[in-house]
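Working notes, structure below.
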Protein chains: 2
Amino acid sequence: MRCAVSPSCEEALEILNSRKPNSLLLLMGECMVKFKGRAEAFLGYGERVVMVKRDGSVLVHRDEGCDAVNWQPPGTKTSFFIQDGELVLYAYRLKPPEKMKIRFRKLALAAWARMHDKAALQLIGMEKDYADRLVEHPYIIEEGLRIIKRERKTDSGSIDIYARDKENVPVILEVKRSPPGVAAVYQLEAYVNDFKRKNKEAKVRGILCAPKIPPMVQNMLREKGLEYKAYSCNFELPEDEQRTLFDY
Amino acid sequence: MRCAVSPSCEEALEILNSRKPNSLLLLMGECMVKFKGRAEAFLGYGERVVMVKRDGSVLVHRDEGCDAVNWQPPGTKTSFFIQDGELVLYAYRLKPPEKMKIRFRKLALAAWARMHDKAALQLIGMEKDYADRLVEHPYIIEEGLRIIKRERKTDSGSIDIYARDKENVPVILEVKRSPPGVAAVYQLEAYVNDFKRKNKEAKVRGILCAPKIPPMVQNMLREKGLEYKAYSCNFELPEDEQRTLFDY
DNA sequence: CCTTGAATATCGGTG
DNA sequence: CACCGATGTTCAAGG
């Protein structure tokens, strides 16, 4: 690991060139960014943090916002050189053809380090977890509901859950974690229509299940003869998994 | 701006506490992360880069991937303290209620800096630019096409472009920049049906316009009596805007 | 390799 | 404040 505070461009280049394989590069300073690829972007001089990761990712972060203002994805090739007295980071990739050029005219920090990180992210509360919970406890939606199948494939895409109600009427459940948009309605409608066409059953119900359903979506569902059920779940990571990772 | 290489947790805390308002914090070291909010996450010890931005954003970056492995969005409140000999970053926000705790047991770098960045991002080649190009040059889609209205609101959502062809038949254009999925077909279908119901015109055409349209989507459009038009545009940022920013 | 859909999506615009 | 749609979305899983 090496680090220099307020290096000259030449000093920064020397540090970057001394990096070991698989190291992460960290630069802070006044830079200008150009990008050309799927779109085209230009960002005038300003002070930012730039990271070049082990997998080739390049990130340009401003002092606001979660997202990088400019970036290159994993698999990008990078090179460094001095041009017109400025430190240049050139990054390109082939599929799709995209290139980015960062010019530093002043550096506050230049560093590299090899970072070891074997831990796996434990995460609960995703859409899949919400669907699992419904399969486990179908009465959350409705008394007497029986789960028949999970993730049924149809011509229209994938059904989340296929069930039957207490009167044995087929029920198609679409599970969303985030507030669904109109697309979810079209999707559910397509599933239901597809099922009707294929099975020729007298009745099929379609229920959109989500923690929160916007009024507009509720209206659309009613108009189309579909249903919705707002429900919420609490999820907790098992303590033992945390401890295992803690002890790693 | 202050920076320490391989500080103790106490030294790092001292540096963080000496920060000026609106500064960006940068930490590199071996840490463990817990998050609880919309979902729940746990990440065992590993070496990462942590940024705390002026607007409250907190990012935990591994040495791979564009996205942060853990984060808090802008508006988050943060505090630092020592607990069990480790440097702790506690971050929380109220809407929605979410909290994150990062524990450093070893630090490679601790720094803060005030970053000045007034430059505005210049970006061209977005969906809006594609739609602008069509409004400007409707013959790209079809000879004789006349643009009537842009961004028309309907009960089913918003139409990108509303036009009429050379025979004065209404045409609804949906513009996509990225390859459209089946959702775009349902959306366009809904727009067309909505228009028919409201206007009772004999004919309405719906055209999905995108640089590239997957075969499956083409088939669906044909089945539903809708149309598509693949077209591409080249966009370039005006040189003078770049120069203005360059001189900033 | 391409396609599909989720995301603690984030982010900006609009009402 | 809530909703809605785009994103150089990114990312992971499945065919």
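Throughout, protein chains are lettered first and strands after them, A, B, ... in sequence-line order, and every chain is numbered starting at 1.
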Quickly work out the [X] [atom1] to [N] [atom2] distance and round it to whole Å.
X: B:Leu121; N: D:dA6; atom1: CG; atom2: P; answer: 19 Å
X: A:Ile213; N: D:dA2; atom1: CD1; atom2: C1'; answer: 16 Å
X: B:Asp55; N: C:dC11; atom1: CG; atom2: C1'; answer: 12 Å
X: A:Met216; N: D:dG5; atom1: CE; atom2: P; answer: 7 Å

Test side-chain hydrogen bond (donor to acceptor under 3.5 Å, both in side chains) applied to B:Glu127 - qualifying residues, sequence neighbours left out: none
Pair listing, salt bridge (Lys or Arg N to Asp or Glu O under 4.0 Å) test, anchored in residues 212-223 of chain B, at least two apart: none
DNA chain C-proximal residues of residues 124-138 of chain A, any heavy atom under 4.0 Å: A:Met126, A:Glu127
Checking [X] now: which residues fulfil salt bridge (charged side-chain N to carboxylate O under 4.0 Å, His left out) with it, not counting sequence neighbours?
X: A:Lys224; value: A:Glu189
X: A:Asp117; value: B:Arg48, B:Arg62
X: B:Arg150; value: B:Asp132
X: B:Arg205; value: B:Glu142, B:Asp165, B:Glu227

D:dT7 versus D:dC11 - spacing of their C1' atoms, nearest Å: 14 Å
Rounded P spacing from C:dT8 to C:dT4 in Å: 22 Å
Any N/O donor-acceptor pair, A:Glu40 side-chain to D:dG8 base, under 3.5 Å: no
side-chain contact (heavy atoms from CB on, under 4.5 Å) between A:Trp71 and A:Met100, intermediate numbers included: CA-CA 8 Å; A:Trp71 70 95; A:Met100 188 173 66; 5.7 Å; no
Check: A:Glu98 side chain, A:Gln72 main-chain N or O, donor-acceptor pair, under 3.5 Å: no
Sugar-phosphate, base or nothing in reach of A:Lys99, heavy atoms under 4.0 Å: nothing
Any B:Arg38 side-chain nitrogen or oxygen under 4.0 Å from OP1 or OP2 of C:dA6: no
Which nucleotide in C:dA6, D:dG8, C:dT8 has an atom nearest any side-chain atom of A:Lys176: C:dA6
DNA chain C: 5'-proximal contact among A:Lys95 and B:Gln72 (nearest heavy atom): A:Lys95
Residues forming a side chain to side chain contact (heavy atoms under 4.5 Å, CB included) with B:Ser79, sequence neighbours excluded: B:Phe81, B:Tyr90
Between protein and nucleotides 11-13 of chain D, what N or O pairs are separated by less than 3.5 Å?
{"residue": "D:dC11", "atom": "OP1", "partner": "B:Cys66", "partner atom": "N", "Å": "2.6"}
{"residue": "D:dC11", "atom": "OP1", "partner": "B:Asp67", "partner atom": "N", "Å": "3.2"}

